[in-house]
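Written out below as structure tokens is the structure these notes cover.
Any value given below was found using the heavy atoms of this structure, including those in side chains, with hydrogens, waters and symmetry copies removed. Naming convention: chains lettered A, B, ... in sequence-line order (proteins, then strands); numbering from 1 in each chain.
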Amino acid sequence: MPKDGGIGASTKRREDVRFLTGQGNYTDDINIAGQAYVHFLRSDMAHGRINAIDTAAAAAMPGVVRIFTGADFEGIGGLPCGWQVTDRFGEPMQEPAHPVLAQGKVRHVGDPIAAVVAETPEQARDAAEAIVVDITELPAVVDMRAALAEGATKVHDDLKSNLCYDWGFVEDNREAVDAAIKGAHHVTTLELVNNRLVANPMEPRVAVGDYNRATDEHTLYTTSQNPHVIRLLMGAFVLGIPEHKLRVVAPDVGGGFGSKIFHYAEEAFCTFAAKACNRPVKWTASRSEAFITDAHGRDHVTKIELALDEEGNFLALRTETLANMGAYLSTFAPSVPTWLHGTLMAGNYKTPLIYVNVKAVFTNTVPVDAYRGAGRPEATYQLERVIDKAARELGMDPIALRRKNFVTEFPYATPVAVEYDTGDYVATMDKLEEIADIAGFADRWEKSQDDGKLRGLGVNCYIEACGIAPSNLVGQLGARAGLYDAATVRVNATGSISVMVGAHSHGQGHETSFPQVVAEMIGIDPSQVEIVHGDSSKIPFGMGTYGSRSIAVCGSAMVRATEKIINKAKKIAAHLMEASEADIELKDGQFTVAGTDKSVAWGDVTLAAYVPHNYPLEEIEPGLEETAFYDPANFTYPAGAYACEVEVDPETGKVTICSFAAADDFGNIINPMIVDGQVHGGIGQGIGQALLENAVYDENGQLLSGSYMDYAMPRADDVPFYVVDHSCQTPCTHNPLGVKGCGEAGAIGSPPAVVNAVIDALQRAGKDVSHIDMPLTPARVWAAMNG
Amino acid sequence: MPKVSMTVNGKAVSAEAEGRTLLSSYLREGLGLTGTHVGCDTSQCGACVVHVDGKAVKSCTMFAAEAEGAEVTTIEGMAAPDGTLNAIQQAFQDHHGLQCGFCTPGMVMSAAALLEENPTPTEAEVRHYLEGNICRCTGYHNIVKAILAASGQDVSGIAAE
Amino acid sequence: MYSFDIERPTTIADAVAALGSDEAQALGGGQTLIPTLKQRLAAPAKLVSLSGIAEMQGVCVADDGALCIGGATPHAVVAREAAAAYPALAALAGQIGDPAVRNRGTIGGSLANNDPAACYPAAVLASGATIVTNARSIAADDYFDGMFGTALEEGEIIVEVRFPVPEAASYQKFLQPASRFALTGAFVAKFADGVRVAITGAGEEGVFRWSEAETALSHEFRPDALMDLSVSADGMIEDLHGSKAYRAHLVKVMTARAVAAAAG
């Protein structure tokens with residue numbers, strides 16, 4: 001049994017008290033005396049040339065402080081892209097400028113043309129309406145295939161075409177894969193769409209810029225998953241503010257799911273305008289504004305081919321994808337369809353030959369970037385769908401076909417450049433069959449049949465690469481940043497501890513789970529440990545929270561720093577007990593000398609560090625504070641098996657999720673309650689993608705699903721209770737906690753299970769339906785059944 | 001600007017409000033009660049739910065002027081004066097019914113309204129009642145579980161923590 | 001939102017007088033109007049709130065057996081207080097929006113707006129209800145006038161809706177998955193002198209009566225009576241949630257389900 005509050009305990013979350021009593025401190029709750037408000041005048045057309053902007057009438061409106069246009073940002077850097085992909089011919093991707101405010105052209109509905117700073121939000125909006133923009137509408141580039149056609153209108157006039165890059169991976173395998181597919185006993189082909197999604201954290205984005213003219217210091221309060229990354233990108237690349245004069249604070253943040261990783265124009269604007277206007281400037285997005293400014297996710301169009309032999313062994317896999325980048329390259333957009341996607345195409349299977357081709361395309365739509373899972377859901381979905389289709393074509397049981405091809409020996413080097421350190425895919429599938437009661441499905445199918453409903457069972461596996469990443473590796477792959485993390489452990493004189501971490505908690509519960517680790521290592525009560533995060537002025541550095549990396553990367557940095565603390569504390573304890581440092585042991589907050597009954601308490605040692613009267617000053621410094629940066633040796637590879645049962649209403653096509661089960665292997669686990677919660681949330685979002693959510697543009701580039709009236713968010717009655725299990729644990733071999741990360745698994749593993757289940761239901765009912773594109777709305781399912 | 005007066009969490013309050021001032025703005029900006037959140041502009045997400053004269057309403061879809069003289073309860077008024085969480089709040093903590101916390105005030109206020117109307121709801125009734133409260137973090141599992149637990153029902157049979 | 005004043009009259013007469021001024025607009029529960037104002041799609045100079053008018057509140061049964069609902073009565077009250085007299089109508093009210101919306105949204109507001117996917121228009125039209133305004137009574141068949149269109153004059157307010165209570169009735173709503181308005185909803189009401197069927201959510205012109213179904217069901221009140229009928233896709237709404245053909249199909253499915261439920 002885990003120790004109370006230590007590693008493995010389902011400790012209740014300490015952050016809950018403030019959230020449950022209305023005492024959270026979200027960015028929109030921050031108001032600075034004298035602040036003004038900005039309203040952005042945004043393009044209502046998808047593509048247009050700006051001929052002139054007349055702000056004279058608007059500037060005379062009540063309450064207007066100042067109006068900004070693109071002209072005010074000439075000579076100032078644009079929003080940078082943090083990842084450069086090299087195409088299959090060895091050339092760098094095409095990389096357009098991304099201005100803070102539009103320069104000459106607008107390229108998507110929502111592109112900011114001008115910004116009005118005024119005394120109140122309504123005055124700013126009133127004045128924005130009075131700005132006269134002379135604009136020539138240009139043809140909108142929306143469909144990716146049309147965007148790549150000869151003679152297509154270009155989103156960026158200065159680029160050669162709308163093709164960002166044509167990426168091949170592993171390019172050397174291209175011909176071998178082609179030959180294997182041509183010579184195979186059976187090839188299963190599937191064309192599919194991975195639907196465009198909007199992350200929709202419940203807190204819309206907010207930015208508050210502040211400036212102190214006397215000290216030349218800037219502060220930005222922002223809804224970010226990674227304040228240091230924003231400080232780096234905005235300070236160095238956009239506004240030219242050195243780090244010591246720029247503080248970025250991400251206080252309580254109401255969810256992110258990837259969409260709050262990126263550096264957005266509004267952050268740079270508020271920081272810039274606070275200095276230009278010499279007063280704080282605040283922007284709060286409405287939900288409608290969020291839909292047309294937050295980076296979207298997914299939006300891939302894919303053809304996948306799986307070659308098999310007579311026995312069902314996978315021989316080769318080829319996938320060709322068009323990936324929508326939108327109008328500009330968002331911060332990490334180029335990496336999502338490439339390195340976060342192609343490297344996962346092996347899945348849980350020992351397919352010897354794999355080739356992935358991705359063409360990234362510019363369109364007149366909102367930029368597309370990472371959304372929970374980022375590349376890995378796209379890989380998992382197409383792989384697990386084509387395997388299911390292959391099983392049906394070959395008359396094999398879908399679970400048996402998967403089992404037959406599982407990777408069973410570790411470490412395993414895939415043909416797509418990554419090495420899985422550990423895993424046990426047989427164990428998670430066994431566990432899934434147990435918790436989902438796969439054996440009982442036939443009876444449940446009968447019962448549904450009696451009720452006039454079509455029941456189906458869908459199963460799939462997933463693997464993901466988390467804990468991004470070894471910096472030297474991602475550097476070779478085009479990342480323009482390191483992807484380590486950092487932690488400072490500050491032990492106070494009385495023994496209490498503040499840990500300043502680079503990870504940012506916006507729902508993940510770090511304030512509870514991180515102290516469990518430190519408390520366990522030292523043997524003190526977790527209440528003695530406090531986590532500080534989200535403020536660049538308080539923490540050493542940090543690359544932030546995304547890619548299920550917090551505990552695997554930042555947690556490892558925290559362990560390393562804590563180890564340094566313990567080592568130093570042992571030196572102090574040795575001095576206090578006049579013993580050899582090598583004989584000092586730390587257990588339950590007590591230092592002892594091996595083989596004796598001498599002991600000294602944690603608090604006595606920490607006090608000695610700060611009141612060094614009896615202290616080895618000639619050997620070590622006073623004080624007890626250590627920092628560690630941790631750069632992982634490899635990704636971590638969580639994996640699992642998921643099952644979904646659905647009922648389809650044959651009259652309306654409506655799909656009801658009857659049950660959902662997930663068997664995950666996350667390696668070691670710090671707080672099982674929090675891990676379960678992460679999986680629940682991911683499954684909820686995956687069901688949303690599979691059945692409900694779709695960001696749809698019309699041919700003019702207007703977002704048709706631009707509010708909750710048309711973008712269907714999962715509600716409580718759209719989902720069941722989930723059955724989740726993480727008892728299969730193969731610890732990660734290369735980080736000190738043996739952890740793998742759990743934040744994205746649910747979103748990665750669940751969409752194929754849902755779709756496989758619906759197809760299963762329809763086929764069991766004799767319908768000749770082999771695929772329906774997500775979301776499987778009633779209308780689509782009905783159309784497929786009656787096609 | 002005219003003043004609008006009401007009772008909020010048992011205290012008589014008064015603050016300036018234009019005709020167009022929403023109750024949510026009145027609470028957040030006028031009174032500094034920032035526990036009530038605004039997550040959408042189409043009256044769907046429910047992060048802004050408060051009680052007006054004992055009934056759950058979306059405070060972003062009601063003008064402050066319409067609450068003149070009303071008894072309003074917000075999330076800040078749910079715990080005991082000494083800070084002790086009420087049964088619903090405590091159940092949310094016990095069962096991990098929140099993650100980022102942004103939808104939570106509305107969830108708690110809706111849950112309180114539900115249990116007032118229906119002290120021992122079924123799972124289906126809880127799910128249906130939350131139709132107007134969107135959570136993006138939890139997949140609703142632990143929210144539903146917490147509300148069932150707050151109603152005094154045994155939730156030990158529900159899978160997972 | 002643009003700037004405006006709010007008035008809160010306590011009598012119908014005062015409300016009518018207030019609505020006589022320039023650019024004045026009635027405010028019911030605001031559950032549709034306020035989001036519209038946030039988008040700056042309307043710019044009233046004055047909103048006249050009807051929520052404080054006691055004579056427009058409540059549910060009662062008239063001497064002729066009709067169920068009378070005050071125009072400013074929230075959906076939640078109808079769901080509760082009409083349950084005994086007209087259960088199908090109460091059930092419909094209990095399916096509008098969500099619990100918080102039902103505590104504010106009113107029957108008069110819904111009918112004055114006449115959203116093509118709203119629930120109440122189906123009940124009013126299928127029941128052959130009468131819309132009572134400050135100036136006159138309007139039969140349901142004369143009231144609805146295309147998408148968002150009604151017979152109301154400027155400044156005219158719905159003070160009461162009188163529903164004849166059918167022998168049997170049911171409303172079956174197929175949810176639009178995002179808004180949870182009706183993608184298609186069918187209200188079937190069986191009276192001694194015949195059956196009325198009203199469809200919401202499906203038609204480009206808003207709520208409509210499905211007369212072929214009425215004829216068939218008046219002859220034989222069973223779901224099977226609809227079997228040979230087909231619904232034309234012409235005139236149906238098409239959007240990202242469903243094609244014309246799908247909505248036409250749902251008209252028949254939802255009507256059949258309503259008949260089955262009403263027939264018990």
Side-chain angles (χ1 to χ4, degrees), chain A residues 10 12-13 15-26 28-29 31 122 199-204 252-257 284 286-288 435 506-509 672-685 687 707-709 713-717 719 721-725 746, chain B residues 18 20 28-29 32-42 44-45 47 74-79 83 85 88-90 92-105 108 123-124 126-145 158-161:
Chain A
S10 285
K12 308 301 175 210
R13 297 199 330 168
E15 44 271 78
D16 289 358
V17 176
R18 69 176 189 272
F19 296 142
L20 282 163
T21 54
Q23 305 303 312
N25 183 38
Y26 298 89
D28 194 43
D29 302 341
N31 294 294
E122 296 291 1
N200 274 307
M202 292 321 298
E203 178 204 31
D252 286 331
V253 172
F257 314 112
T284 302
S286 68
R287 179 61 60 186
S288 298
I435 63 174
H506 35 277
Q508 295 86 345
M673 175 192 82
I674 287 175
V675 168
D676 287 345
Q678 291 292 305
V679 177
H680 295 158
I683 294 171
Q685 290 182 2
I687 290 173
S707 81
Y708 292 153
M709 294 296 282
M713 292 285 279
R715 312 291 226 286
D717 60 1
V719 296
F721 281 127
Y722 318 109
V723 180
V724 302
D725 181 281
Chain B
E18 295 183 86
R20 62 184 167 179
R28 287 181 56 81
E29 281 116 49
L33 294 172
T34 55
T36 297
H37 295 155
V38 177
C40 78
D41 45 14
T42 51
Q44 269 149 331
C45 81
T74 71
I75 188 67
E76 287 91 344
M78 295 303 273
L85 301 181
I88 295 168
Q89 292 168 314
Q90 190 58 55
F92 269 67
Q93 186 184 30
D94 290 347
H95 297 284
H96 191 25
L98 64 153
Q99 291 183 23
C100 83
F102 196 81
C103 77
T104 306
V108 169
E123 178 201 339
V126 174
R127 290 185 185 278
H128 182 63
Y129 198 88
L130 296 180
E131 195 172 15
N133 291 82
I134 301 177
C135 169
R136 192 56 154 168
C137 292
T138 63
Y140 301 102
H141 183 109
N142 285 336
I143 291 176
V144 177
K145 188 175 175 182
I158 296 167
E161 291 292 333

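- Here the side chains of A:D717 and B:L130 are not in contact, with every heavy-atom distance at 4.5 Å or above.
- Atoms CG and CD, on A:L20 and B:Q90 in that order, are 8.5 Å from each other to the nearest 0.5 Å.
- Taken to the nearest 0.5 Å, the CG atom of B:D94 stands 9.5 Å off from the CE atom of A:M673.
- With B:Q93 contributing its side chain and A:K12 its backbone, the two residues share no donor-acceptor pair below 3.5 Å.
- Using a 4.5 Å cut-off between heavy atoms, A:I435 makes no contact with chain B at all.
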Checklist entry - When you look at B:T42 and A:M709, which way does the side-chain contact (heavy atoms from CB on, under 4.5 Å) test go after all the steps? => result CA-CA 7 Å; B:T42 51; A:M709 294 296 282; 4.2 Å; yes
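- Rounding to the nearest 0.5 Å gives a distance of 11.5 Å between SG of B:C100 and CD of A:E15.
- Of the two parts of A:S286, the backbone and the side chain both hold a non-hydrogen atom closer than 4.5 Å to a non-hydrogen atom of chain B.
- Between chain B and the options A:D28, A:I683, A:D725, A:V679, the largest number of non-hydrogen pairs under 4.5 Å is found for A:D28.
- For the set B:G97, B:G32, B:G39, B:G101, the entry with the most heavy-atom pairs within less than 4.5 Å of chain A is B:G39.
- The closest side-chain heavy-atom distance from B:M78 to A:T21 is not below 4.5 Å.
- B:R136 contributes no side-chain N or O that, together with a main-chain N or O of A:G684, makes up a donor-acceptor pair within less than 3.5 Å.
- Aromatic ring orientation, B:F102 versus A:Y26: perpendicular (interplanar angle above 60°, classes split at 30° and 60°).
- The closest side-chain heavy-atom distance from B:P105 to A:F19 is not below 4.5 Å.
- Within the 3.5 Å criterion, the main-chain N or O of A:P714 finds a donor-acceptor partner in the side chain of B:Y140.
- Within the 4.5 angstrom heavy-atom criterion, no atom of B:A47 approaches chain A.
- In this structure, chain A has a heavy atom under 4.5 Å from the side chain of B:T104, while its backbone stays farther away.
- In this structure, chain B has a heavy atom under 4.5 Å from the side chain of A:M713, while its backbone stays farther away.
- The two atoms that bring A:D16 and B:F92 nearest to each other are OD2-O, 4.4 Å, heavy atoms only.
- Side chains of B:C45 and A:M202 form a contact here, defined as non-hydrogen atoms less than 4.5 Å apart.
- For A:Y722 (side chain) and B:G139 (main-chain N/O), a donor-acceptor pair under 3.5 Å exists by modelled atom type.
- Remark: B:T34 pairs with A:D29, B:R28 by the side-chain contact (heavy atoms from CB on, under 4.5 Å) rule, at least two apart or across chains.
- The residue among A:P201, A:A199, A:G682, A:S707 with the most heavy atom pairs within less than 4.5 Å of chain B is A:A199.
- For B:T74, the side-chain contact (heavy atoms from CB on, under 4.5 Å) partners are B:V8, B:N9, B:L27, B:L33, B:T36, B:V50, B:V72, B:E76, not counting sequence neighbours.
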Item to check | Step-by-step side-chain contact (heavy atoms from CB on, under 4.5 Å) determination, A:H680 to B:N142 | outcome: CA-CA 8 Å; A:H680 295 158; B:N142 285 336; 3.7 Å; yes
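- Taking 4.5 Å as the limit, every side-chain heavy atom of B:Q99 sits out of range of all side-chain heavy atoms of A:Q508.
- Between chain A and the residues B:D41, B:V38, B:I75, the largest count of heavy-atom pairs under 4.5 Å involves B:D41.
- Seen from the ring of A:F721, B:R127 counts as a face-on cation partner, given the 6.0 Å and 45° thresholds.
- Per-residue counts of heavy-atom pairs under 4.5 Å with chain A were compared for B:L98, B:V108, B:I88, B:N133; the largest is that of B:L98.
- The most heavy-atom pairs under 4.5 Å with chain A, out of B:E29, B:H37, B:Q44, come from B:Q44.
- Of all the listed residues (B:E123, B:H128, B:E131), the one sharing the greatest number of non-hydrogen pairs under 4.5 Å with chain A is B:E123.
- Contacts of A:E203 with chain B are made by both backbone and side-chain atoms, with heavy-atom separations under 4.5 Å.
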